[in-house]
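Worksheet: the structure to be examined is printed underneath.
These numbers were taken from a predicted model, which means no experiment stands behind them. Every chain is numbered from 1, with letters handed out A, B, ... down the list of sequences.
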Protein chains: 2
Amino acid sequence: MVKITDVARHAGVSPSTVSYALSGKRPISEETRQRVEESIRELGYRPHAGARALASSRSNVLALVVPLRTGIHVPVVMQFAVSVVTAARRHDHDVLLLTQEEGEEGLRRVADTALVDALIVMDVQLHDGRLPLLRALDRPSVLIGFPAEPAGLTCIDLDFKAAGELCVEHLAGLGHRVIGLVGSPPEVYVRETGFAQRVVQGFTAAAHRNGIASSVHPCEADPAAARQVAERLLRERPALTGVVVHNEPVLEPLIDAFEALGLRVPGDLSVTAICPDELAARVRVPVTSIAIPAAEVGAGSVELLMKKLGGTPVPQATLLPPRLTVRASTRPRP
Amino acid sequence: MVKITDVARHAGVSPSTVSYALSGKRPISEETRQRVEESIRELGYRPHAGARALASSRSNVLALVVPLRTGIHVPVVMQFAVSVVTAARRHDHDVLLLTQEEGEEGLRRVADTALVDALIVMDVQLHDGRLPLLRALDRPSVLIGFPAEPAGLTCIDLDFKAAGELCVEHLAGLGHRVIGLVGSPPEVYVRETGFAQRVVQGFTAAAHRNGIASSVHPCEADPAAARQVAERLLRERPALTGVVVHNEPVLEPLIDAFEALGLRVPGDLSVTAICPDELAARVRVPVTSIAIPAAEVGAGSVELLMKKLGGTPVPQATLLPPRLTVRASTRPRP
DNA sequence: GAGCGCCGTCGAAGCGCTTCGACGGGGGAA
DNA sequence: TTCCCCCGTCGAAGCGCTTCGACGGCGCTC
């Protein structure tokens, strides 16, 4: 193994000079730097990560905690993960993958052993058990998702409330006056997952603001449930002309169910969804939708962490604005 | 930060004794060990990962390289990743996540800086550019998937050839005499991805062995392509009564297409697939299928690495036997 | 009863890097 | 011309852990 002393000897300087040439933490003359770089290249030198971590008390590794739970759309998690890794690499950091299964103990372990410098935690619940720990940890962290009490934490996510509103505004702008929200499975609300409730809030507020009749229906993630919800919605609101869907797996079955009940999409019924673009686009009737900006959230969380590691203060909440993509499933009220 | 010397002082022993009590590399009296453990608990001691890595030249971290490419079923990748992490933790190791985008340079970096002790590489191509590097690296690696020339490497995967055969045997056992294979998109074969070709080999060999008329059809991953393939298959083989599908996204569209052409599944046509169980089970007609045993492959790759790290020789090839789950889509030939 | 060997523990020497204080020399200010 | 300061570099001291050789003391053998 070639080490820093080898490089130093080869370049005719001291090890500390090599270190400074590499880190830029002290001025080094252009000429010396070039010579050092040349030696590094010739010898194929790579600084030993452990030694570096020990001496500098920086591992240049971030922890990423991913959820395993059902009801979470896996491809979106993967997108997050990939964008986190990519963004981390831009800052010369690597990413350690943790599963939620490891729980608090896992977080504490990687933090306390100095394996990682900072943590990114996905899928934060409203009353997440990990919050006190994250607040107490001596390492910075960023949460993807918003807990009920975000004080002392740094959070980032799509602005789900605004997303709920935007769906309604879109439908309202098309003249729809009676709409429904088909939401996530009941257990998601019971678990008090922030984003599901926020969609409801935005939906309800915007409907009220626009003088629109509306109702909200949680829905299990299977076709039969979708059919039931569709029937119930039509029974309770025969004048229904707009639906917002926040439940990936039932998007297509729900449209099928409405059509089976005699409603054409978008002829009789306009549908918007909050779901990945890839899903919205491949449904039989491509659906007007708001996507989870997974890549942006991932990259954003890394940027926040880097700032925190650098000592720059960051906002407690970062809400990414929803963007609605209009597709074939919405149209003005007949 | 509490360090090993603090523990040593608290327990009234030397630091080396604490180290040995922790690692078990030298005999320590039961009494001393208990005292040390008690001190560790009381002080909340956690060994510093960097210091440990430096002194022992073991980081206890594995690298996992995940693919990003299109045509790869994302949830399966995620399953791999999760099972790798879980298995690694059982051996007191962590997992560093790398994207394929980082390429050879990324592999070399994490290996040469001693950030990781060993590597797991997913989605290996038949003529993968990373093979020479992996062979040359001074750290052990395991490939998920089989390259054309696996000499000097350790590989693990589902036995796709046997999977192709098993599908055919199943259909043959039900009396089917004319069958087709609907395969992956053409580019997958062009790219020379091993597993797709192996399914074809197994399929063809078993069909021949059983005196069955067969043909193979690559298929793009969209419903329109599925329809075309269905039509073509029926035109070329009007007596067709069995189909093997190795292409996740078109499984359902293909069944729809056949039914639209007047063939009932499984009444007129038996269908088997090689795809995740989760997909096979949720199709309108649940499909008899062979799943990618993602969890087994992930856990298996970790076990192989641990053996290699421990100096135990391991087989060059580990082929996991396919398991066929019979569902509603296959039935004896009328 | 003397000697041998083994068990359990200690001390010290690194592992490879960063960082801090120090220092020589050259340029600018007075 | 002298003094000061700053730029660029060096040397040495750790960072916290593992590991190797050494060494007492006990039990056993002969």
Rounded distance (nearest 0.5 Å) linking atom CZ of B:R109 with atom CG of A:D94: 4.0 Å
Distance in angstrom units between A:R33 CZ and D:dC7 C1', rounded: 16 Å
Can you give me every donor-acceptor pair (side chain of residues 147-157 of chain B, partner residue at least two apart or in another chain, under 3.5 Å) with its distance?
from: B:E149; atom 1: OE2; to: B:A151; atom 2: N; distance (Å): 3.3
from: B:T154; atom 1: OG1; to: B:K308; atom 2: NZ; distance (Å): 2.6

Nearest heavy-atom neighbours spanning B:L119 and B:L305: O-CD1, 3.8 Å
Sequence-distant partners of B:H10, side-chain hydrogen bond (donor to acceptor under 3.5 Å, both in side chains), two or more places apart: B:S39, B:E42
Axis-to-axis angle between the two ends of the helix from C:dG1-D:dC30 to C:dA30-D:dT1 (five base pairs per end, rounded to 10 degrees): 40°
No-hydrogen, no-angle side-chain donor-acceptor test under 3.5 Å, A:T86 and A:S83: no
Distance-only donor-acceptor check, side chains A:S19 and A:S16, under 3.5 Å: no
Residue mapping more 5' on DNA chain D - nearest nucleotide basis, B:K3 or A:R35: A:R35
Any residue of residues 12-30 of chain B with a heavy atom less than 4.0 Å from an atom of DNA chain D: B:S16, B:S19, B:Y20, B:K25, B:R26
Close residues, residues 50-63 of chain A, relative to DNA chain D [heavy-atom separation under 4.0 Å]: A:L54, A:A55
Covered region of DNA chain C, 5' end to 3' end, by chain A [heavy atoms, under 4.0 Å]: C:dG16 to C:dA22
Got a salt bridge between [X] and [Y], using NZ or NE/NH1/NH2 to carboxylate O under 4.0 Å?
| X | Y | answer |
| --- | --- | --- |
| A:D6 | A:K3 | no |
| B:E37 | B:R33 | yes |
| B:E38 | B:R35 | no |

